[in-house]
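The structure appears below as structure tokens.
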There are 2 protein chains.
Amino acid sequence: MVNTAQRRHRRSDALSKERIVAAAIEILDTQGENALTFRALTARLETGAGAIYWHVANRDDLLAAATDYVIAHAVTAGAGETDPQQAIRAIALGVFDAFNTHPWVGTQLAREPWQPAILHVFEGIGRQLQALGVPNLAQFNCATTLMGYMVGLAAQYAAGARLHLRATDRPEFLAGLAARWTQRHDAASYPFVHQQANQIATHDDREQYLAGIDLILAGIHTLR
Amino acid sequence: MVNTAQRRHRRSDALSKERIVAAAIEILDTQGENALTFRALTARLETGAGAIYWHVANRDDLLAAATDYVIAHAVTAGAGETDPQQAIRAIALGVFDAFNTHPWVGTQLAREPWQPAILHVFEGIGRQLQALGVPNLAQFNCATTLMGYMVGLAAQYAAGARLHLRATDRPEFLAGLAARWTQRHDAASYPFVHQQANQIATHDDREQYLAGIDLILAGIHTLR
DNA sequence: ACCTGAACACCGTTCAAGT
DNA sequence: ACCTGAACACCGTTCAAGT
């Protein structure tokens with residue numbers, strides 16, 4: 001009753017920052033970062049450019065809001081774990097999977113690391129470090145190392161996704177990359193690259209990412 | 001003698017990919033990534049847009065070439081070290097300092113991680129891992145973890161530099177960030193953030209970066 | 001308070017034309 | 001072979017005008 005007057009003046013699909021962010025995420029996920037233009041948004045939301053600017057400061061602000069939304073919804077993962085190491089792994093995998101589903105998030109987070117959602121990840125990791133018995137003074141370095149690793153790797157996976165690497169042609173791409181590298185640089189000058197060529201061509205991103213997390217966790221373990 | 005005819009047809013300041021890349025790096029370093037436009041380049045090189053496109057495929061190609069140049073010249077660092085751990089630290093610091101001098105490199109490398117110069121870093125790290133006695137099967141994971149960490153952190157420092165954080169106003173910025181975070185989220189729900197607020201405000205990027213490298217090295221040490 | 005959409009300044013890239 | 005520079009298609013953002 002109270003808001004009848006209000007309702008009368010609103011279209012059922014009234015614009016809002018949430019609706020704009022949702023539309024932006026859909027465009028980003030399906031067509032990539034370059035496809036997110038104000039023209040595309042106005043077309044999809046059936047409005048004018050100025051209407052979007054009423055709810056959003058500019059393109060960067062919109063990108064930040066979209067990133068924050070995705071990360072905030074991904075970080076709830078790992079809350080149920082009891083073992084601190086497992087909890088950190090769960091958080092890390094939650095971040096990884098969010099980046100895989102939304103490749104543009106990695107690039108964005110690498111560009112603007114001080115977004116609110118980051119704080120949730122930082123807090124979540126920090127608690128587990130305390131539970132692990134890491135000394136107070138070392139906790140900051142451990143948390144930032146883990147966060148930096150997660151965000152950094154995420155940006156790189158995003159770069160892979162941007163090259164339209166579907167699951168099917170990814171092996172070919174990596175094989176081609178390894179082949180080009182070993183052909184251009186001889187084994188005498190680049191022994192390590194030649195030795196690891198097969199790994200480069202066949203490795204699994206998720207496994208390798210988790211191996212890095214475990215390596216850092218092993219380093220953290222030595223601090224106790 | 002042989003090339004007199006050639007020389008006669010060339011302006012003394014003839015265009016070349018090298019000259020274009022050099023001009024691009026200068027613009028990127030002094031005015032930032034957004035200032036690198038073809039208009040700015042043509043003005044500085046006193047030529048037309050088409051002339052640049054004769055030597056360079058497009059803007060991305062130019063950015064990649066500039067990144068490769070900077071990294072290739074940074075990686076020679078650490079070649080003189082005899083202790084493998086010290087050598088890895090030296091390589092890591094070489095990368096860090098290159099990113100600090102050229103903040104745009106971090107963003108670029110996070111976007112396109114498969115650039116030729118990366119191969120040099122990968123090879124350099126790999127050799128030290130072998131010298132460290134890391135088992136063959138684990139060397140790939142160790143090398144990619146270190147590389148991912150370096151590149152990932154670099155992109156984040158670049159984000160800081162992009163906000164025009166000079167050495168003088170950096171402390172204020174970080175203090176303000178920490179203050180905002182602790183004000184918006186209460187100590188009960190975010191104990192770790194509150195506990196670390198002082199570290200966030202006062203930490204040194206280079207030290208913290210190196211602490212991460214050492215943490216990973218400590219983890220690698222457990223593999224032997 | 002919220003929305004419209006034309007207009008502005010700017011961009012990467014192309015290409016017919018020159019030397 | 002290499003360079004010129006106008007032209008094209010497109011972009012983020014602004015703003016006077018509407019409701």
Side-chain angles (χ1 to χ4, degrees), chain A residues 2-25 27-28 31-67 104 107-108 111-112 162, chain B residues 2-25 27-28 30-67 104 107-108 111-112 162-163:
Chain A
V2 182
N3 49 8
T4 327
Q6 273 183 36
R7 221 186 280 137
R8 193 179 298 139
H9 287 279
R10 266 188 208 163
R11 318 192 315 212
S12 60
D13 59 341
L15 261 189
S16 65
K17 185 152 181 174
E18 292 79 47
R19 273 195 70 225
I20 295 172
V21 167
I25 291 176
I27 292 175
L28 288 163
Q31 293 160 268
E33 197 169 335
N34 290 335
L36 182 68
T37 67
F38 279 81
R39 265 95 177 159
L41 267 179
T42 54
R44 180 178 284 252
L45 293 168
E46 294 176 312
T47 182
I52 295 175
Y53 277 92
W54 180 262
H55 296 277
V56 154
N58 50 39
R59 191 177 186 269
D60 281 345
D61 180 39
L62 177 55
L63 233 16
T67 303
W104 47 276
T107 320
Q108 188 53 26
R111 292 196 152 230
E112 305 280 347
R162 214 174 303 110
Chain B
V2 183
N3 49 8
T4 328
Q6 274 183 35
R7 220 186 280 138
R8 191 179 300 139
H9 289 278
R10 265 188 208 162
R11 319 192 314 213
S12 60
D13 59 341
L15 260 188
S16 65
K17 183 151 181 175
E18 291 79 50
R19 274 194 68 227
I20 296 171
V21 167
I25 291 176
I27 293 175
L28 288 163
T30 55
Q31 293 159 267
E33 198 171 333
N34 290 335
L36 181 68
T37 67
F38 278 82
R39 265 96 177 159
L41 267 179
T42 55
R44 181 178 283 253
L45 294 168
E46 293 176 312
T47 182
I52 295 173
Y53 276 94
W54 180 263
H55 297 277
V56 154
N58 51 39
R59 191 175 186 270
D60 281 346
D61 181 37
L62 177 55
L63 233 16
T67 304
W104 47 276
T107 320
Q108 188 54 27
R111 292 196 151 229
E112 305 279 346
R162 213 174 304 110
L163 294 182

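All chains are named by letter (A, B, ...) in the order of the sequence lines, taking the proteins before the strands, and each is independently numbered beginning at 1. Computed from a predicted model, the values in this text were never measured in an experiment.
In this structure, Glu33(B) places its CD atom 14 Å from P of dC11(C), rounding to the nearest Å. Straight-line distance from the CD1 atom of Ile20(B) to the C1' atom of dC2(D): 11 Å, rounded to whole Å. Regarding Ile52(B), its CD1 atom lies at a distance of 14 Å from the P atom of dT14(C), rounded to whole Å. We find that CG of Leu36(B) is positioned 8 Å from P of dG12(C), with the value rounded to whole Å. Between the CG atom of Asn34(B) and the C1' atom of dA9(C) there is a distance of 15 Å, rounded to whole Å. Look at CZ on Arg19(A): it is 14 Å from C1' on dC2(C), rounded to the nearest Å. One can place CG of Leu45(A) at 14 Å from P of dG5(C), the figure rounded to the nearest angstrom. The CZ-C1' distance, from Phe38(B) to dC11(C), rounds to 10 Å in whole Å.
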Collect all protein-nucleotide pairs involving nucleotides 16-19 of chain C in which both atoms are nitrogen or oxygen and the distance is under 3.5 Å.
none

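Side-chain proximity of Arg39(B) to the nucleotides dC11(D), dC11(C), dT14(D) is greatest for dC11(C). Comparing dC3(D), dT13(C), dT14(D) against the side chain of Ala49(A) picks out dT14(D) as the nearest. For Thr37(A), whose side chain is taken as the heavy atoms from C-beta onward, the closest listed nucleotide among dT13(C), dC11(D), dT13(D) is dC11(D).
Of all heavy-atom pairs spanning Ala40(B) and Ala35(B), the tightest one is CB-O, 3.6 Å. Closest approach of Ala66(B) and Leu28(B) over heavy atoms only: CB-CD1, 4.3 Å. The two residues Ala24(B) and Leu41(B) come nearest to each other via the heavy atoms N-CD2, 4.0 Å.
Within the nucleic acid shown, Leu41(A) has no heavy atom closer than 4.0 Å to any nucleic acid atom.
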With a cut-off of 3.5 Å and sequence neighbours excluded, list every side-chain donor-acceptor pair involving residues 48-56 of chain B.
none

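Remark: Asp61(B) pairs with Lys17(B) by the salt bridge (charged side-chain N to carboxylate O under 4.0 Å, His left out) rule, at least two apart or across chains.
Of the residues in residues 54-63 of chain A, Asn58(A), Arg59(A) come within less than 4.0 Å of DNA chain D through at least one heavy atom, sorted by number.
Atom OG1 of Thr30(B) is separated from atom CG of Leu36(B) by 10.0 Å, given to the nearest 0.5 angstrom. Note that the CD1 atom of Ile25(B) and the CG atom of Leu63(B) stand 10.0 Å from one another [nearest 0.5 Å].
Residues in residues 36-45 of chain A take part in these salt bridge (charged side-chain N to carboxylate O under 4.0 Å, His left out) pairs, two or more places apart or across chains: Glu26(A)-Arg44(A).
Remark on DNA chain D: of its neighbouring residues Ala51(A) and Gly50(B), the 5'-side contact belongs to Gly50(B), judged by nearest-heavy-atom nucleotide.
Spacing between dC2(D) and dA17(C) at atom P, rounded to whole Å, works out to 22 Å.
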Which nucleotides of DNA chain D pair, in dot-bracket form (Watson-Crick or G-U under 3.5 Å, | meaning another strand):
||.|||||...|||||.||
